[in-house]
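First up is the structure itself, then whatever we jot down about it.
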Amino acid sequence: MASAHLVGLNQAQLRAVEHPPHIPLQILAGPGSGKTKVLTSRIVHLVTRHAVSPSSICAVTFTNKAAMEMRTRLGKMLTKEQVRQIKMGTFHALCAQFLRKYATLVGIGGNFTVCDADESKKIIGKMLKESDLKEFLKSCSITLSEGTAMSRISQSKAKGLTPHDLLDTWHSTSHTAPRKGKSKEKGPSLLTYEHLNAELGTCNTKQIIDYVAANLFAQYERTLRDNNSLDFDDLLVYGVKLFGENPKVGTWCEHVLVDEFQDTNSVQYELMRGLAASSRCVTIVGDPDQSIYGWRSAEVENLAKMRRDFATTQQIMLEDNYRSTGSILAVSLAIVAQDKARIKKTLNATHPQGPKPTLHCFPSDQAEASAVAHEVKRLVAHMGGVLSFDDVGILLRYNSLSRVFESAFRKEGVPTRILGGQRFFERVEVKDLLAYLQLVDNPAYLPAFGRVVNVPARGLGQKSIQELLVVAGKKGMSPLEVAERIYEGRMPDIKPPVKRKIGDFILSLKVLRKLASEGAGPASLIRRLLELVQYETYLQKTQEDWESRWENVKELINFASEMEDDLGVRSFDIESPDLDKGEDDWVDNGEDEYDEEELDDLGFAEVKTRPEESAPAKTEPETPLRAFLQASMLSTDTGQTDEKDKPKVTITTCHAAKGLEWPVVFIPVVEEGVFPSARAEDKEEERRLLYVACTRAQGLLYLTHASSRMMNGEKVFKKLSEFVSVITGPSEVRRASLALFSESPPEMTYGQCRTLASVLHRTAVDSEQRTKDVAELCVLVVVTTYGG
DNA sequence: AATACCTCGTTTTTT
DNA sequence: ACGAGGTATT
């Protein structure tokens, strides 16, 4: 008798699910080939047929959303408890969880704060503004933006390189006299840039930038460590360190499954290897054609690397597509096949051919957007209740292109939802409140201090804060600590009377810290915080749109209370292996330090932002606040309280659309400079991005472009993307012979509608409703065209 | 003298 | 939305 989890699988899928657990497996799965189904079924199979304990399975997804999705799917085949025990999440989230517990093993504090990309960038920005470096760069007439510096650092980290590695490479390739010994000992950026000026006299620009970047990297790392903070890359780097140096921490792992493997970077690969170190059981799912994160240091080569490292690796291809019509697949393949270096693969349509994708050019961006909105309305009307606005996706190359479409849809009265636009946790009001809480949990975290020390405005400007930082630096204390002492009169006040102004700030933090140490949940902490600093009044006074911002604050409280409720239900446990020490006693995490410290104001007071190197390995308890902060930092939610009852057209980026599908997909702005993006370094990756976008469509696909478009207030003439024109010929002389596309949208005849309904596995078109809807639409068109 | 408030230009893709 | 840059206000 076949088990439920094997029902409805095709031959290849079945082979993948039943593949022996101990033989490493690569599942090369084209879009729409049922990879998620295979992955979940394989997990179920491991648990039910091979008696693998759910708690010893590690399933890595690309986003937290994908993890939730997988949990839901597994919930239909396994018990709630079994699903909970599976260690599932992104590489980042998994690492964060383990690092919380075993922070001391890698020499960091368990109350580390996750530093988001924004704050990382600000840290780099500050370093670049330091006068000696600024002058040095100016003297070499080199411009180095914080963005480029940041991405260089991030790329190094993603490869697992340290500042020392970079400097070593630099010294061995540069022609200047090596100062290797000296700089290694003292730490690279102890050299002043005046010094460098003399040293680097003979270097070319690239070498200088390399050197500066390595120095910035070193300085940046020190800053993060001083702030007891890990950035996104650090979560992975320290994760590798944790599992690499402490094999026992990973012994629970019997099987690792990695989704979207083509988008993993070197460090993530090492992490996978580390997790699989003892069992050697690895299952990965990936598709080289869908590799679109090279800009984030993803390496498709990991597929080959895995075959080398796990010599017995076997491959299974999933080439049957269950998502799209034949003509959509034909267009998609025609686009991606232009990549000359691509390994030939195919996609077999299981659905009928369907209407041809539409390729249409409009005179302007405005015309394009409103035509798309119109077409959406026409389709919904013609499908007689089979299609709703929920079934339409607008996939854009980047977020800022969405403006035109948002307003066009608004004009047409079509509701939209923006997926992954400005993220919820990026909003100022949310970030302000989070910063307060971060400071409560980790007093050393400077970005949070800088953000809220004068929010609401307390009359503390740049000068006062700068001085505070200088004093803190001199004393080796955190600025918060200095502020606290000034307030308590245990330290002389700084010129502009800081003492008087900072009172409510210090008191608020004290109250919150006390509550948090008593185990108060994040929701109650936020509520208390709002009272303490009068945040609502502050919003009303300073923000025009304070009402919607206050809604976001309430939403944050909701999120926090949800977390309080299902803490321990949503996330897995980490069982303590018998590390050498007692795992139940826990370390003082530094939260009470302020009450008991007796330090000499003039002496070199020591801050314990770092645990003692010699401290025995102990594990830290997860406080509700800490769990909340971590979830917030790793979340990508938009926080939009979606009224589920109201269907909306989704507007999102091609990147964010990965793994999603819609019955109808529009890909607008398919133009040179956008596909590929003018800034893109890897043209083939951009081509694959368009391929990924096309393959999101189930029934209907539209590519549109405009011959002119407003950009930065200027009218610019645009050409059709070469990714498309190479197939069709340029729009002026489009070749009919290669008619993969149609220039006009499908008429939506009964036949076409029936085909569409069958592709979507939906019940047939209601002809009565169709007639009614179409009639209504016509009236509307007449009214809006001639009436207004 | 420090801080507050205003305007401007900039913004690929995301854990 | 956030800096940089200016001017007005404390």
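Residue numbering restarts at 1 for every chain, and letters A, B, ... go by the order of the sequence lines.
The residue A:V674 sits apart from the nucleic acid: no heavy atom pair falls under 4.0 Å. At the heavy-atom level, A:N454 lies under 4.0 Å from the strands shown only through sugar-phosphate atoms. Heavy atoms of A:R549 sit under 4.0 angstrom from primed sugar atoms or phosphate atoms, though from no base atom.
Here A:R696 pairs with nothing under the salt bridge (Lys or Arg N to Asp or Glu O under 4.0 Å) rule; sequence neighbours left out. Residues that satisfy the side chain to side chain contact (heavy atoms under 4.5 Å, CB included) test with A:S145, not counting sequence neighbours, are A:T148. Checked against salt bridge (Lys or Arg N to Asp or Glu O under 4.0 Å), A:R458 has the following partners two or more places apart in sequence or in another chain: A:D504.
One interatomic measurement links the two molecules: NZ of A:K122 to C1' of C:dC2, which rounds to 8 Å at whole-angstrom precision. Atom-to-atom, CD1 of A:I465 to C1' of B:dT3 comes out at 10 Å; the value is rounded to the nearest Å. Atom P of nucleotide B:dA4 and atom NZ of A:K463 are separated by 15 Å, given to the nearest angstrom. In this structure, A:F424 places its CZ atom 16 Å from C1' of C:dA1, rounding to the nearest Å.
Note on residues 113-123 of chain A: pairs passing salt bridge (Lys or Arg N to Asp or Glu O under 4.0 Å), not counting sequence neighbours, are A:D118-A:K431.
At a cut-off of 3.5 Å, with distance as the only test, no side-chain donor of A:D287 or A:Q262 sits close to an acceptor on the other residue.
With A:S677 contributing its side chain and A:R679 its backbone, the two residues share a donor-acceptor pair below 3.5 Å.
A 4.5 Å side-chain heavy-atom check between A:E299 and A:S266 finds at least one atom pair inside the cut-off.
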Output one line per pair: protein atom, nucleotide atom from nucleotides 4-10 of chain C, and distance, for all N/O pairs under 3.5 Å.
| unit_1 | atom_1 | unit_2 | atom_2 | d |
| --- | --- | --- | --- | --- |
| C:dA4 | OP1 | A:K129 | NZ | 2.9 |

Does the protein touch nucleotides 10-15 of chain B at the base, only the backbone, or not at all? Give it as B, S and - per nucleotide, heavy atoms under 4.0 Å. -SBBBB
Derivation and outcome, side chain to side chain donor-acceptor pair (under 3.5 Å), residues A:D231 and A:Y220: CA-CA 10 Å; A:D231 67 13; A:Y220 172 71; 2.7 Å; yes
